[in-house]
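To keep things clear, I will list the structure first and then write my remarks on it.
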Amino acid sequence: MIIVERLQKVIAQSGIVSRRKAEELIQLGRVKVNGEVVTALGTKVSNEDFIEVDGVPLVREEKIYLLMNKPRGVISSTKDEKQRKTVISILPEEYQKYRLFPVGRLDYDTKGVILLTNDGELMNRLIGPQSNVEKEYLARVDGIINSKSINRLARGIEIDGVKTRPAKVKLESIDRKHKSSLVRIVLTEGRYHQVKKMFLEVGHPVKRLSRVRFGNLTLEGLPEGSVRPLAIHELKQLYALSLK
Ligand code: URA
């Protein structure tokens, strides 16, 4: 497949510099396309063009998009100084050669949907402050939650001094014997420990948390601990959601 993109974007995507720095390099005449110096910003290049920066060929990594069903006890970062399992270390060998990153975070003790990619631009669009992509969680919380608390969570609640955006919240079931409730909550934000902090604020600490959906992506057919590449139609949908 031939992909045509702006030269500065392609240079930035290869990870050597930021987009702004890439523009500077182009304007300074330090970039060649197929052996010719190019100084015009916005020049379109395809993945078949040969690009050099200061005479060094640009290594253009294939874009990878993986959906993982993260188990509990795995950290959502690329490395861990305590040598715990990470979402990267549990990947099959065939994906180890890519510089993949998790899109956002799930806590060590949270399981469920997490996306891994080397597409920094999509990643920023999906998790940046402007992102409206829905994240759906199932939370097993302590105590029998009442509708007043459900409504407070849905309207928005102050955590760390900032009110959360309106959320969809639904009580799924109550376990009277163990005095706990199962609540489905759909957020459009991804603040640090957001779900846990929200429930704590209404007096129902989270006992177990799983993310069952990220945008259009669910865990359907994906066993715990495994990954699968996104289908092209899923990727297109995800791009569309990231622009909303
Ligand atoms: N909110 C949390 O508190 N933890 C997660 O892992 C994800 C969302």
Hydrophobic cluster identity match, [X] and [Y], side-chain contacts under 4.5 Å:
| X | Y | result |
| --- | --- | --- |
| L67 | Y95 | no |
| I159 | L106 | yes |
| F101 | I88 | no |
| I185 | I145 | yes |

Would you say CD of E220 has more than 12 non-hydrogen atoms from neighbouring residues, nucleotides or ligands within 6.0 angstrom?
no

**Prompt:** Do other residues, nucleotides or ligands put more than 12 heavy atoms under 6.0 Å from the CD atom of E36?
**Reply:** no

Check ion pair [X]-[Y] (N to O, under 4.0 angstrom):
| X | Y | value |
| --- | --- | --- |
| E121 | K9 | yes |
| E134 | K168 | yes |
| K135 | E189 | no |
| R20 | E23 | no |
| R228 | E234 | yes |
| D109 | R72 | no |
| K79 | E81 | no |
| E5 | K44 | no |
| K196 | D107 | yes |
| D54 | R30 | yes |
| E136 | R213 | yes |

pair [X]-[Y]: side-chain heavy atoms closer than 4.5 Å:
| X | Y | value |
| --- | --- | --- |
| F214 | V133 | yes |
| L58 | V53 | yes |
| V31 | L7 | yes |
| T39 | V37 | yes |
| T164 | M198 | yes |
| N118 | K63 | yes |
| L138 | V183 | no |
| V74 | R84 | no |

Please report the shortest heavy-atom distance between [X] and [Y], naming the atom on each side.
| X | Y | answer |
| --- | --- | --- |
| K207 | V141 | CD-C, 3.9 Å |
| V103 | T117 | CG2-CG2, 3.7 Å |
| V87 | M68 | O-CE, 3.2 Å |
| Y98 | E62 | OH-OE1, 3.0 Å |
| S76 | K70 | OG-CE, 3.8 Å |
| R125 | S242 | NE-OG, 3.2 Å |

Inset, instruction - Kindly indicate, with the supporting measurements, whether the criterion side chain to side chain contact (heavy atoms under 4.5 Å, CB included) is fulfilled by R191 and V162. - result: CA-CA 10 Å; R191 289 164 55 185; V162 181; 3.7 Å; yes

Point-to-point distance, once rounded to the nearest 0.5 Å, from [atom1] of [X] to [atom2] of [Y]:
| X | Y | atom1 | atom2 | result |
| --- | --- | --- | --- | --- |
| D49 | N34 | CG | CG | 4.5 Å |
| S181 | R176 | OG | CZ | 8.5 Å |
| D160 | Q194 | CG | CD | 9.5 Å |
| Q8 | L41 | CD | CG | 5.5 Å |
| S149 | I157 | OG | CD1 | 8.0 Å |
| L116 | I114 | CG | CD1 | 6.5 Å |

Can you list the steps and then say if N132 with R165 is a side chain to side chain contact (heavy atoms under 4.5 Å, CB included)? CA-CA 10 Å; N132 280 313; R165 286 187 198 159; 3.1 Å; yes

Within 45 degrees of the ring normal and closer than 6.0 Å to the centroid, is that where the cationic atom of R184 sits relative to Y137? no

Could you walk me through whether F50 and V45 pass the side chain to side chain contact (heavy atoms under 4.5 Å, CB included) check? CA-CA 9 Å; F50 179 68; V45 289; over 6 Å; no

Can a donor-acceptor pair be found between the side chains of N69 and E224 at a distance below 3.5 Å?
-> no

The residue among I127, L126, L100, L66 that forms side chain to side chain contact (heavy atoms under 4.5 Å, CB included) with L115 is L126

